[in-house]
Amino acid sequence: VRARPAAVLALAAAALLAGCGSAAPAASGPAPEAPPGGAPFLATSLVTGAGTWAVVVMGGSVATEDNFWQLFVRPAGRSTWQLVTPPGTPDNGGLVLAGADAQSLITGFRPSQYLTYTPLIVTRDGGQAWSSAGPLDAALANVPDALAAAPGSGTLLALTTDGTAELAPPGYTSWTTLATQRSLATTPAGGRCGLQDLTAAAFAPQGTPLLGGSCGRPGTTGIFARTGGTWHPAGPAIPAALAGQDITVRRLTQTGQDLAALLTAGAGPAASVLAAWSPDAGGHWTLSPALPLHGAALSSASFGLGAAAVITTANRGEIIAGPGSSWSSLPALPPGTATLAPGPGGAADALTVNHGTLTIWHLAPGAAAWTRVQVIQVPIQYGSSG
Amino acid sequence: MPGMNSGINVSDPAVVAAFKAALIHQGLIALLIFALVGLAWITLRVWLPVQAPGIGPAAEPPAAEPPAAAAGEPAWRQVLRIGFGLLWVFDGILQAQPKMAVGLPSQVIEPIAASSPRWVQQVVNWAGTNWSYHPMQAGASAVWIQVGIGIWLLVAARGTLSRLAGLASVGWGLVVWVFGESFGGIFAPGLTWMFGAPGAVLIYAVAGALIALPDRAWYSPWLGRLMTAGTGLFLVGMAVLQAWPGRGFWQGIANGQPGTLASMTNTMAQTPQPGFLSAWVGAFTTFDEAHGFAVNLVVVAALAVTGAAFLSGRPRLIRPVLIGFTVLCLADWVLIEDLGFLGGLGTDPNSMIPYVLLATAGYLAVARAPATATEPAAAQPAPRAGWRERLRVVAAPRTVASAGIRSVVSVGAIGVIVLGAAPMAVAQASPVADTILAESINGPSAPPVDFPAPDFSLTDQHGRAVTLASLRGKVVLLTFLDDTCSVDCPLIAQEFRQAGQLLGADTARVELVAINYNPLDTQVSYIQAFDRQEGLAGVPNWLYLTGTVAQLQPVWRQYAIAPPEILPAGSMIGHGDYAFVIDQAGHMRQELDFDTGPGTQATKSSFAAELTDAARQLLGHS
């Protein structure tokens, strides 16, 4: 019996992955592989008073821990993006953002490799300086809305991988359990939904904590608001045409003075996506028309101020201007588009990734093609996580 | 597979040197065993004159053996005994290859098991983990056990010792078949005779079982028929399996990719080997890609015809197909199995030579059985002595003195097997990995030093102030850990925790101390989270110290460790890995590079053992 060459190569590769946080001398990185791996649905953008923020995964393969999530900001009133990834904290597991007040942003570092808890890093000046907070002594859920900050108080709501929603006041060192998937499922609101899992956490502009999930009962939306010490159903009513479909909350976030949600209805070829906006913490909702996914899945979903944009795994981009609007297809997305930052009037920025290079493409309102407007070289530290 | 891989470079000079040293050391002991046994034998022969020939295990049995045995060892048994004896010796020599000690679990056993069901992988992983904890002992043991069995088979032609040699071959063969060959891959997809199914050492075990048969069965006509029928049935089964559609053997190329056989031979051609052999295998691969159907047809037909001939049990039919089968096996051995033992990590010459030996023995058993089988029928065998009585005879000094040279060498071979098995058994009983793994990663321990360790005043995970001076009277094992590091620091913490467990009763006299190595996350809440993550929160002699950057920086500087580097773009803090051993008087006694390497179970255990050894030396234990 003899060893297989593949095994020899695998061991040789493993042997090269020694050292903690020390970058490999090779600057070119691994062989081409686009787009980089990871949990692509975490790629998203959001708008706060400081500007528009976007997270995308860059670098190389997940297998060699060369995937690094990056945070970019386009400061309010400006048209160019900046790399503002907090330094010194490993982010191979993904970044999750929560906008607090006008200039503050809290970044949760999903743990990877041997790390099992979630470091939290806060900026109060639009990403120029960062300071450590927390940590959350659990792994943040692998969803873009696993972290939410209450407007005003700054209280943080975190959704963990085991389906627990934890609350902490600023400082974020003292966490208390707000709910678990199981406890919420046993409430009248959760029972009516047949709550399967929790997929999003948010605060309404009024400060009400909300949780979103997927319902086992068809045609029911699993959005719950915590008011008066109890959980109440707070999701939109689903159109009759989709009443037989299972509904999953994919995004739940605050946009300006609205609460915004992105829902998927059904699965497989019949799946479709709906955007929804509520001005009163889930009391009333405006639903978008259903956007058929044609068998594809969502790879990124972003909210701007009112607008929403999605990318499907078929590399199709769709945008909706806001409540009362309809979905419209974007021109063919530039290769490697990781996420979109929707702007007003149908404008959008597309952030495309090729290893350590981020390229920004802009789509002006009504334009038929994307225009390349900026290129950012990110100093990826290949080999530093091995 | 967890634990299977020690993570060490298979050609690591420290490991290779240690393996060679272990082999030479045990080799000298093996020679000593033979010398002592020989000396004892010669001495007894001088002191106690041999009364009569034929007494003793290797001598001619006077009345206790059936007359059939008196006719001598049959040819079929000689073929099996000598053939498989040589194979075991050869396999033992292969086990002595420098890469084998560390490479066997990760590069031979693990890839073989990879396609097997999970339960098989778990069984194999258990053995692989044990091996990777003690690669020197395990590697050397495998050498001596196999060489010992081989020599034993070669020299013990008759009697109880010979039969025991067969049983030893069965036992060790099954161990290797289960743990080394993952049950010969019989539970994995793609099973085929051409690649060695159902496992070469299973054939060793079958041969061993035949060798272990009692003498009275040697000339039984039924034995020959059983052997040929068994071989025939197996070959027909393999023919059916080979012909089964949908397994990829009928296609030279399928969907633009090489078929199953071509894909396998293509892989084999890439292993290190002489150029001509690689060219042959490569040429066969090309041929198979072009004529895959014809190649498989020939193999299926050859297996079916050979199997049918063996099933018939007629020597006249078997003889010609045996020649053809031998040619087929040799062609398969060279062109498909690629000899099996090249590349530095080959453990045996694979299955074709064993098949030829087994088939030849089967033929000889039926071809020569009729002539001799009549002999035992004419005489009634004398009643056999009970095992107690026989043991008493063997143990008697006079019997030993009268034993033949073959018996003496057999006893020496048994000694060699014990020489191999004993250290392996002792090593496997130890839950602690050999420190050679840690040494291979970071080199041998630095020479001892003796100077006052720099003092520090920091805050522990409970918020209490701690100075180095406050730990006087205890051995301090000190390291520096980044609390958000996702790779090395958690591993070092696990190594410290494991060292604490290994210290046992000495735990109270040793303090395990880490100092924060992260200039960004210096809060107590972070080190508490790290402690919980690593299961250190409840460890009584564990201290994880932190402070402000202004407090930490001088400590990093005084301990002369690389300052932490805040890397951009999502990377963790850049830093080195260190461990320090400080004695009860606060003096620095050892400075260790502590790069964790691959962080496998074995390396973690090895580093823990290194720390434990260092602490125990200072505590007065060695």
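Letters go in sequence order (proteins before strands), and every chain restarts at 1.
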**Prompt:** Which answer fits B/D483, side chain, backbone, both or neither, if we ask what part of it has an atom under 4.5 Å from a heavy atom of chain A?
**Reply:** both
**Request:** Please report the closest heavy-atom contact between B/T484 and A/P119, naming both atoms and the distance.
**Result:** CG2-CG, 4.0 Å
**Request:** Apply the side-chain contact (heavy atoms from CB on, under 4.5 Å) test between A/T89 and each candidate in B/D521, B/N518, B/D482; give the one that qualifies.
**Result:** B/D521
**Item:** Heavy-atom pair with the smallest gap, counting every atom of B/S525 and A/G134
**Value:** OG-O, 2.7 Å
**Message:** Minimum heavy-atom separation for A/P87 and B/I566, please, with both atom names.
**Reply:** CB-CG2, 3.6 Å
**Request:** Hey, could you give me the CZ/CG distance between B/R532 and A/D137, rounded to the nearest 0.5 Å?
**Result:** 4.0 Å
**Message:** I need the minimum non-hydrogen distance between A/T116 and B/Q533, along with the two atoms involved.
**Reply:** N-OE1, 2.7 Å
**Complete:** Taken to the nearest 0.5 Å, the spacing of A/S132 OG from B/L520 CG works out to 7.5 Å
**Message:** Ignoring hydrogens and geometry beyond distance, is a side-chain donor-acceptor pair present between B/S571 and A/S384 at under 3.5 Å?
**Reply:** yes
**Prompt:** Considering only heavy atoms, which portion of A/I121 lies under 4.5 Å from any heavy atom of chain B: side chain, backbone, both, or neither?
**Reply:** side chain
**Asked** Can B/Q523 and A/T173 be counted as having a side-chain donor-acceptor contact under 3.5 angstrom?
**Response** no
**Item:** Region of B/L104 in contact with chain A, defined by heavy-atom distances below 4.5 Å
**Value:** neither
**Item:** Any A/Y114 side-chain heavy atom under 4.5 Å of B/Q494 side chain
**Value:** yes
**Pairwise distance CE(B/M572) to CD(A/Q113) - rounded to 0.5 angstrom** = 5.5 Å
**Request:** Evaluate the side-chain proximity of B/P568 to A/T85: yes if any heavy-atom separation is below 4.5 Å, no if none is.
**Result:** no
